[in-house]
There are 2 protein chains.
Amino acid sequence: MSPGSVGTVATQHLDLPGSLPLDCGRSLRRVRVAYETYGTLSPARDNVILVCHALSGDAHAAGLSPDPPPEGTRDGFAAAASPKGIGWWDGMIGPGKAFDTDRFFVVSTNLLGGCRGTTGPSSTDPDTGRPYGSAFPVITVADMVRCERAFLAELRIDRLAAVAGGSLGGMQALEWATSYPDQVNNIVVIASTHALQPQGVAWNAIARESIMRDPAWQGGDYYGTGRAPDAGMGVARMVGHITYLSAPSLAEKFGRRLQSGGDLRYTLHEPEFEVESYLRHQASSFVRRFDANTYLHLSRALTYFQLDLPAAAETIMARTLLIAFSSDWLYPPSASEEIFDALRKSGKEAEFHLIDAPYGHDCFLLEEARQTPIVRDFLTEGRA
Amino acid sequence: MSPGSVGTVATQHLDLPGSLPLDCGRSLRRVRVAYETYGTLSPARDNVILVCHALSGDAHAAGLSPDPPPEGTRDGFAAAASPKGIGWWDGMIGPGKAFDTDRFFVVSTNLLGGCRGTTGPSSTDPDTGRPYGSAFPVITVADMVRCERAFLAELRIDRLAAVAGGSLGGMQALEWATSYPDQVNNIVVIASTHALQPQGVAWNAIARESIMRDPAWQGGDYYGTGRAPDAGMGVARMVGHITYLSAPSLAEKFGRRLQSGGDLRYTLHEPEFEVESYLRHQASSFVRRFDANTYLHLSRALTYFQLDLPAAAETIMARTLLIAFSSDWLYPPSASEEIFDALRKSGKEAEFHLIDAPYGHDCFLLEEARQTPIVRDFLTEGRA
């Protein structure tokens, strides 16, 4: 085991009792939650950090999977030198790391609507015995958080030392602090926002259109038909991937280098530029590991998310750490700054760190070394 | 007729004799060119300005069409208050305007590969009597310019006072000045580049993937089948449209306003946000007026375009006017500045104007009033 690793960790599953009420007015029965834990729960059960993943993550946040899928969650620029089966935030979670498992009991769940073990559109609908498909209700970030809370109640955890996440994960942390202000001591909100900007709403709409316009989507009921909207979801992933990176980082990594090395091949069908080939690869590996309906639902949920400032800042009781990245144009630093300003004006404890880094939104997965001391200091100083 | 208008102008057509050689090694026979002219050709035939359109334009650059199609070329933010059938650059071309038809004979053609009258993938292949479809050769910006030059030769015009265009149109102007340096007095290059940045290459690849992954594309041979890749091209247009605008301009125009006015409807299928509805509208109107194979070929051509600096600057003899827009992140001002610097270092006459304007790449179609004095002064001072 390498130093700082939590070792091999398998994903476990827990079925929630009762039913889970949703913002849309419907509810879900027999919700299953996939989760992993790292570190040791203190006798007082007061050292729990909930880690929330972003759109394409899963419960396997740290360590090595005993049964790694062919396509890992660390893809794109993060794929290089990542061991097979490594957790998506392994650089941040472990003994001595930002989320220090020598001190904290770190819990990571696959979110509601997911496709990696927690109940989602591809799960069996107990009412029909068939996959939900189009019958899966439209969910919100608040629904995800309600699910996480119900799950933690099953573990007899009723107060969190911290909730942490990047992007959609950061939205969950913010939602925790506003929905359950007396149950969260600290939140760590990275590369996130209180409300996606209209351009981000547009990118998400385009990604969803791409999936729903694929005839193989079949209105959402493609399970068991032998067809899936891989073509459309591939395009959705390409759009997402480019919005997660910055123009300079693409220029530095690929330039205008040709696939063939020298001459143009004069083809529409084949990639001519290296960046074109890279995009195709990202798309094809993503569709092998991800469910299109989950993509639709999570994209919809993160688009809906909106904390009204400054009112929300009045509600939040948790100490708040905000981290943003200079080159992140999808979740621009200005949003984190707005949240920070609102919290400070409400007299709340908050820190805002702007990290100057070139990789766009994906920085939250790539710039682990620079986030580590910020997160460590924040959790050490606090009452966590 | 409103002041400054060239009046009603119909698109004409001209068939080129012989065959047109292409960069890919193939050639095209019986090439037809759609064109319009505005103003009067001087007896010395020395007052000609060739106006080159961008990806989605056509030969109808100015005035009113006698037979306006249901969907005009002025869409997006430019659609508001545009009379039906108005040319895509009507604000720039006419008596007393930037390209002053009291002085110049302005010629506008639909470019090679187009779908609005000039030979393109939807035209009849003389070898088979059927539409080219997948048989249409991959073309380049140099091929477009070669076609324009052959067309002008038919009009017995062998020297241009100026070549002007924005975006892909600006690439054509640059190509004219490097391929035929002794035949062009001035070029006006707006919101363009000597080589698309890798992020732009990626956006174009995504748009093409979206079209080619649509099963209705049928490898390019969809003509006459009753099906066309409208779904995929709609997504391509959405991607393009967002890259042509800026995040602040989307925020200002749409914010996060909901379609329904108040409450969320919890739906995947229907637009919830106004910006989502706007995107759908852009897509559906675009697919009614544009051919998917033309989109593929023009996107490929503009991706290929590359002038190697500083060598190209040595070749260019034309006085060069470069205009860029502060919020244009697809064709960022830095590219225009690079061209400007290379020209100045080579001792060439060049001007660079950076216009501070919020509408992104689409500024070249929207900020006509601010471009007008710059273009007028440039053409007045020059030997045009």
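Since this is a predicted model, take the numbers as computed values, not measurements. Each chain gets a letter, A, B and so on, in the order its sequence line appears, and its residues count up from 1.
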- Message: Would you say the ring centers of B:His361 and B:Phe325 fall short of 6.0 Å from each other?
- Response: no
- Message: Let me confirm one number: the CG-CG distance from B:Leu112 to B:Leu28, rounded to the nearest 0.5 Å.
- Response: 6.0 Å
- Task: Scan residues 290-305 of chain A for pairs that pass salt bridge (Lys or Arg N to Asp or Glu O under 4.0 Å), counting only residues two or more places apart or in two chains.
- Result: A:Arg300-B:Glu276
- Looking only at side chains, do A:Asn293 and A:Tyr223 share a donor and an acceptor under 3.5 Å apart? yes
- Item | Residue among B:Leu245, B:Thr140, B:Asp230, B:Leu196 with most heavy-atom pairs under 4.5 Å to chain A | B:Leu196
- Task: Quick one: sort the A:Tyr295 and A:Phe290 rings into parallel, tilted or perpendicular, breaks at 30° and 60°.
- Result: perpendicular
- Query: Using non-hydrogen atoms only, which part of A:Met238 is less than 4.5 Å away from chain B: side chain, backbone, both, or neither?
  - Reply: both
- Winner by heavy-atom pair count (cut-off under 4.5 Å) against chain B, out of A:Leu258, A:Thr303, A:Asp263: A:Thr303
- Query: For A:Pro137, is it the side chain, the backbone, both, or neither that has a heavy atom closer than 4.5 Å to a heavy atom of chain B?
  - Reply: neither
- Message: Using a strict threshold of under 4.0 Å (side-chain N to carboxylate O), is an ion pair present between B:Arg26 and B:Asp143?
- Response: no
- Tell me, side chain or backbone of A:Val275 under 4.5 Å from chain B's heavy atoms, or both, or neither? side chain
- A:Val239, A:Thr267, A:Leu279, A:Ile139: which one forms the most heavy-atom pairs within less than 4.5 Å of chain B? A:Thr267
- Of the backbone (N, CA, C, O) and the side chain (C-beta and beyond), which part of A:Leu268 lies under 4.5 Å from a heavy atom of chain B, both, or neither? both
- Largest heavy-atom contact set with chain B, pairs under 4.5 Å, which of A:Arg208, A:His269, A:Glu272: A:Glu272
- Which residue out of A:Trp203, A:Phe254, A:Trp329 racks up the most heavy-atom pairs below 4.5 Å with chain B? A:Trp203
- Task: Check each atom of A:Arg280 against the heavy atoms of chain B and say whether the ones under 4.5 Å are side chain, backbone, both or neither.
- Result: side chain
- Message: For chain A, which candidate among B:Asp23, B:Leu22, B:Asn204 shows the most heavy-atom pairs at distances under 4.5 Å?
- Response: B:Asp23
- Message: Just to verify, which of A:Tyr278, A:Tyr359, A:Phe286 counts as forming a ring pair (Phe, Tyr, Trp, His ring centres under 6.0 Å) with A:His241?
- Response: A:Tyr278
- Note on the structure: Under 4.5 Å to a heavy atom of chain B? For A:Leu264 that would be side chain
- Query: Would you say the side-chain atoms of B:Arg256 and A:Gln306 include a donor-acceptor pair closer than 3.5 Å?
  - Reply: yes
- Taking only residues two or more places apart in sequence or in another chain, which ones pass side-chain hydrogen bond (donor to acceptor under 3.5 Å, both in side chains) with B:Arg265? none
- Could you have a look at A:Pro215, A:Pro332, A:Ala195, A:Ala207 and say which one has the most heavy-atom pairs with chain B under 4.5 angstrom? A:Ala195
